[in-house]
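One structure is given below, encoded as structure tokens.
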Amino acid sequence: MKWKRKANRRPPTELRKIIHIDMDAFFASVEQRDNPELRGKPIAVGGSKMRGVVAAASYEARVFGVRSAMPSVTAKRLCPDLIFVKSSFDKYREVSDQIREIFYSYTDLVEPLSLDEAYLDVTETKRGPASATLVAQAIRQEIFEATQLTASAGVSFNKFLAKVASDINKPNGLKVIMPDDAPAFLAALPVEDFHGIGKVTAARMHKMGYRSGADLLTLSEVEMAQRFGKVGRHYYRIVRALDDRPVNPNRNRKSVGAERTYSEDVTALSEMKDKLDWLAEKVFDYLVERDNFGRTVTLKMKSPEFVIHTRSRSFNGEIRKLVDLKEIAHQLLTENIDDVPVVRLLGLSVSNLEREGGEGLQLLLPFEEE
Amino acid sequence: MKFSVSSSDLQKKLQLAGGAIASNPVLPILEDFLFTIEGKTLHIAATDLETSVVTSLEVNADGDGQVAVPARILIDTLKALPQQPITFDINEDNYGISITSAYGKYKLAGEPGGDYPNIPTPSEADEISVTAMSLLEGINKTLFATSTDELRPAMTGVFFQVDFSKLTMVATDAHKLVKYSLSDLNGEITSSFIIPKKALNLLKGALPHSDVTVSISFDKANAFFEYGDTKIACRLIDARYPDYNAVIPVDNPNVLLVNRADFQNSLKRIVIYANKTTNQVILNIADGSLTVSAQDLDFSNEATEQLSCSYDGTPLQIGFNAKFLVEMLGVLEGEEVRLEMSTATRAGILVPTEQDGGEDIMMLVMPVMLSN
């Protein structure tokens, strides 16, 4: 149809049934499943080395305050018995595929957010019970039978509420927010638990005296915008349970990238180039695997002082050769080496992918490749 | 070596030659003009080693000689002077340059002219000629469609195809393509080469709107444009131009005829409401009516206009980048244009319904993908 994205926005009178499914401590749980010795113990997936970062932590580790994205050194200090496990993304991807199979058996309206998280629109389903709550229950059950892993689910009538709900009874839980209960639920919800209100904004809100949804409800749309800028309008809507964003099954990944933190700071340009080549190969393999090439290359450099520089360059056509990707990466590096002469991290990503959503994509004249 | 010259005459020439100077040249001396006095003629040269300009003017000179003059400081000086005769006096021992105006004296350090890189000159070159007006027209109609993509160097220039009395100029950035032919060429050869954007931009600013003859000579590495007292030389882009004929769709059963200005003005208004990154507008075309619409979901903006047209084909919905269409329609002339299409994912062909004698222009534009 003419405006597909618009068409998906149903009028508010027609209630949708949305499920948000989130695997519990996904990477860590997969590792515990596959290695009985790790079960019941605090584990962290990710590098244990001096400069590693925790990619995921088991619930046993979270008790100690270990969180994902935390430097491994900090994690180890919080939890001296923490066991570090090397990540194995191929395995996670495999499990993720199994889970998505289950989703797709119920509906095609699946919007994966990451390997372990997705929205499902189950207003109309291909099979199973009519009640969204029962569908969510059945999906959790099937996931457990297929993978021996637990998932939490939130069920409601829009994406925002479903997402918030899935956190309520985590892990291995289910929470339903019915339309009639939504106003009271949101009024009681602490501002920091609103998905989309970050730590910094929540702290600002506290300072201004807004602690819960009920406090936010006292503000008009204009007042919200005055206090919090453009995103204030979004807050105004979500606190009133207004969220007509459709579950978008076409949401594709926007970029493909790889980065590494090095055990020692890298100072030599030639060594940086070697490391970039390695990253370029990684990224390129991934692009080839998906047969999805991109037009923008971004170089990320982090200095020993943790200052992050990113520089990107866009081209009219997709970069389809590894030598080109390496060459562009080298150029970006040499152009910016004066700003960041020493790096602790290098990252390379390709975005503006060919199959990015589709809508609005400028098509190319079909010139023969040389 | 000493000469005097009208400040405004000199300024005009320097402005032209200065176009060749790079903003951040590889050699310091490339920030200079090369001044050569030969009899009563001052030759001015500038180059970035890729593109060079040589021009000349008559001066009151006393003795031959050569010196490299810092360009920026000289141009700034001339800009700040009202028109008047000025005198250059060059010390041939230390290349110090002193300029005398009615107001006073200015001194700057020059460099030996012998250090200035050689400007290429044609050797065993083929030659064609065309009027300045025609060449200017060709440049104006093609240059905008060139690419900035360094990964495909051929597309960063304009492709010149010489076929006896016919010159075809082609430019594309893979999103759009322009093919422009003129047939008042004076030539006895067939050949082709790619001229870089910079040289064409220089010509665009320099060529007179007159029927003065421009001779274009070229060898394997360089092309030379020469008219009056000005020569512009450039290195050719050493790449194979893509086979553009292969991407011109042949079967385009859906033909739209619409008033060019009406269509362009409508697009200019509608694009204000389009998504700012894609500039996507949608054309809904059916018998006798063309609907142009756009929307930007992020801001809840949308706009629709309807235009009368004549349409022969099946009803079609097709998306385009409005900026491309506006640009292309602006380059075309005549009251009415024809847009020939096949499907919503194939290139559309845009042509004026009437062409001037001797000229032939055809444009291609690729659609943007609609989600359906």
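Proteins get letters first, then strands, A, B, ... in listed order; numbering begins at 1 in each. Hydrogens, waters and symmetry mates play no part in the numbers below; they use all other heavy atoms, side chains included.
- For chain A, the nearby parts of B:T345 are the backbone and the side chain; heavy atoms of each come within less than 4.5 Å.
- Within 6.0 Å of NE2 in A:H195 there are 12 or fewer heavy atoms belonging to other residues, nucleotides or ligands.
- With sequence neighbours left out, the side-chain contact (heavy atoms from CB on, under 4.5 Å) criterion links B:L27 to B:I29, B:L30.
- Other residues, nucleotides and ligands contribute more than 12 heavy atoms inside 6.0 Å of the CZ atom of B:F144.
- Within 6.0 Å of the CZ atom in A:R233, the count of heavy atoms belonging to other residues, nucleotides or ligands does not exceed 12.
- Of the atoms belonging to B:A174, heavy atoms from both backbone and side chain fall under 4.5 Å from chain A.
- Considering only heavy atoms from C-beta on, A:L365 stays 4.5 Å or farther from B:H175 through its side chain.
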**Request:** Evaluate the side chain to side chain contact (heavy atoms under 4.5 Å, CB included) criterion for residues B:M369 and A:L363: first the C-alpha distance (whole Å), next the side-chain angles of each, then the deciding distance (0.1 Å), finally the verdict.
**Result:** CA-CA 7 Å; B:M369 203 138 94; A:L363 300 171; 3.9 Å; yes

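- Of the atoms belonging to B:D173, heavy atoms from both backbone and side chain fall under 4.5 Å from chain A.
- Shown here is A:K275, whose NZ atom has more than 12 heavy atoms of other residues, nucleotides or ligands within 6.0 Å.
- Shown here for B:P242 and A:F367, the closest heavy-atom pair between the two residues is CB-CD2, 3.5 Å.
- Using a 4.5 Å cut-off between heavy atoms, B:F320 makes no contact with chain A at all.
- Remark: B:R260 CZ is packed, more than 12 non-hydrogen atoms of other residues, nucleotides or ligands lying under 6.0 Å away.
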